[in-house]
Amino acid sequence: MIDITLENFQSELIDGSMTTPVLLDIWAEWCGPCKQLGPVLEKLEVDYAGRFTLAKLDADKVPQISQQLSQMFGVRSIPFCVMFKDGQPVDGFVGAIPAAEIRTFLDKHVPAAEALEAAAEEEAAQDALAEGDTEGALEKLQHAVATDPANDDARFDYIKLLLQEGRDDDAKVAFAPVIDKTALVRRFDALQRWMDAIDFAAPAVGTPPVLAELDAKIAAAKRDFQARFDRARLLMAAQQWPAAMDELLEILMRDKTWNEEVARKTYVAILEIIEPAKVKVADGQIPPVDPTVSTYRRRLSSVVLS
């Protein structure tokens, strides 16, 4: 619980709500209902275990803030509670309402416990990867997906790591619940294109394509775009990302719209796949940029805009 003053209003309430929702309780010493509501809110803050922060503001000691919020919401009485998220007041309620109603209010605005647990597991997985513990990272990502199936970031990282480790069947199982979102989520589209390339390189039936044969076709006809695209898919399956993008660029330089822009779409998919996980940096610092991703983004822009 935090007591809000003019001095810490910006840091604790506005800036603080950028990372964790903050419920501001506007109260006064003379207000009977305020004294009833206060303990209920304090208990809920404990029950929600960090999913929101409770802040209290004495309306008599800091009238500037309490009056401004009251005017904003058209409220003339206390206790008055305001939910802050992403630095903005987004909702509120008036009076000493029952705990069950407050829980309903909170659940509209604070992340679910499962979502927080999954996010923590995903972060721990990235730490494990940085330390070279691939199996540990896979376990943590699998747990994150199981805990919060709606966490698309964790699912993407999990499937990506499975594919990197050659566990294609496990990746397809993990991908199945979100296959309908492929057209809506760019990173899922990227995974689908990668898995399609893997299946192309090692078909369940028939003879797999041979790189040397595709090279011969391209040598005989520079505009054999299908051969170039097939070659790019073989390189994708082998996780030879720059080489695959180079081949796709060869198509784009000659025909940007070939086969419904499949070369551009596949190129963008590779950029999504090879984009490193975001690393934490201190406030005011710029996160590092991966040189390969940066270079190939510029090359794509140069070709597409030419």
If you draw a 6.0 Å radius around [atom1] in [X], do more than 12 non-hydrogen atoms from other residues or ligands fall strictly inside?
X: Lys43; atom1: NZ; answer: no
X: Gln68; atom1: CD; answer: no
X: Gln64; atom1: CD; answer: yes

Residues two or more places apart in sequence or in another chain: which of them pass side chain to side chain contact (heavy atoms under 4.5 Å, CB included) with [X]?
X: Ala144; answer: Ala118, Glu121, Ala154
X: Ala243; answer: Leu235, Gln240
X: Val40; answer: Leu44, Ala99, Ile102

Side chains of [X] and [Y]: do they bring a donor and an acceptor to under 3.5 Å?
X: Arg298; Y: Ser302; value: no
X: Gln226; Y: Asn259; value: no
X: Tyr296; Y: Arg299; value: yes
X: Asp255; Y: Thr257; value: yes

Task: Flag side-chain contact, heavy atom, 4.5 Å: Asp189 against Arg193 - done: yes
Open item on the list: I'd like to know if the side chain of Thr266 reaches the main chain of Ala263, judged simply by a donor and an acceptor atom lying under 3.5 Å from each other, with no hydrogens or angles considered.
Closed with: no
Task: Heavy-atom donor-acceptor pair, Glu247 side chain to Arg231 backbone, under 3.5 Å - done: no
- [ ] For side-chain hydrogen bond (donor to acceptor under 3.5 Å, both in side chains), just list the numbers for Tyr48 and Asp107, CA-CA rounded to whole Å, side-chain angles, deciding distance to a tenth of an Å, and then say yes or no.
- [x] CA-CA 10 Å; Tyr48 274 67; Asp107 290 343; 2.8 Å; yes
Open item on the list: Can you pull out every ring-ring contact (aromatic ring centres under 6.0 Å, His included) where at least one residue sits in residues 57-93? Sequence neighbours excluded, please.
Closed with: Phe73-Phe80, Phe93-Phe105
Task: Any pair counted as ring-ring contact (aromatic ring centres under 6.0 Å, His included), so long as it reaches residues 167-200, sequence neighbours left out - done: Trp194-Trp241
Open item on the list: By the definition salt bridge (Lys or Arg N to Asp or Glu O under 4.0 Å), identify the one residue from Arg297, Lys265, Arg186 that meets it with Glu272.
Closed with: Arg186
Task: Test log, rule salt bridge (Lys or Arg N to Asp or Glu O under 4.0 Å), inputs Asp224 and Arg228 - done: CA-CA 6 Å; Asp224 189 339; Arg228 288 190 179 277; over 6 Å; no
Task: Charged N-O contact under 4.0 Å between Arg103 and Asp47 - done: yes
- [ ] May I have the step-by-step check of side-chain contact (heavy atoms from CB on, under 4.5 Å) for Met83 and Lys108, ending in yes or no?
- [x] CA-CA 10 Å; Met83 177 62 74; Lys108 291 191 300 181; over 6 Å; no
Task: Residues Lys181, Asp152; criterion salt bridge (Lys or Arg N to Asp or Glu O under 4.0 Å); working and verdict - done: CA-CA 10 Å; Lys181 299 171 69 173; Asp152 288 347; 2.9 Å; yes
Task: salt bridge (Lys or Arg N to Asp or Glu O under 4.0 Å) contacts in which one or both residues fall within residues 19-42, not counting sequence neighbours - done: Asp25-Lys56, Glu29-Lys35
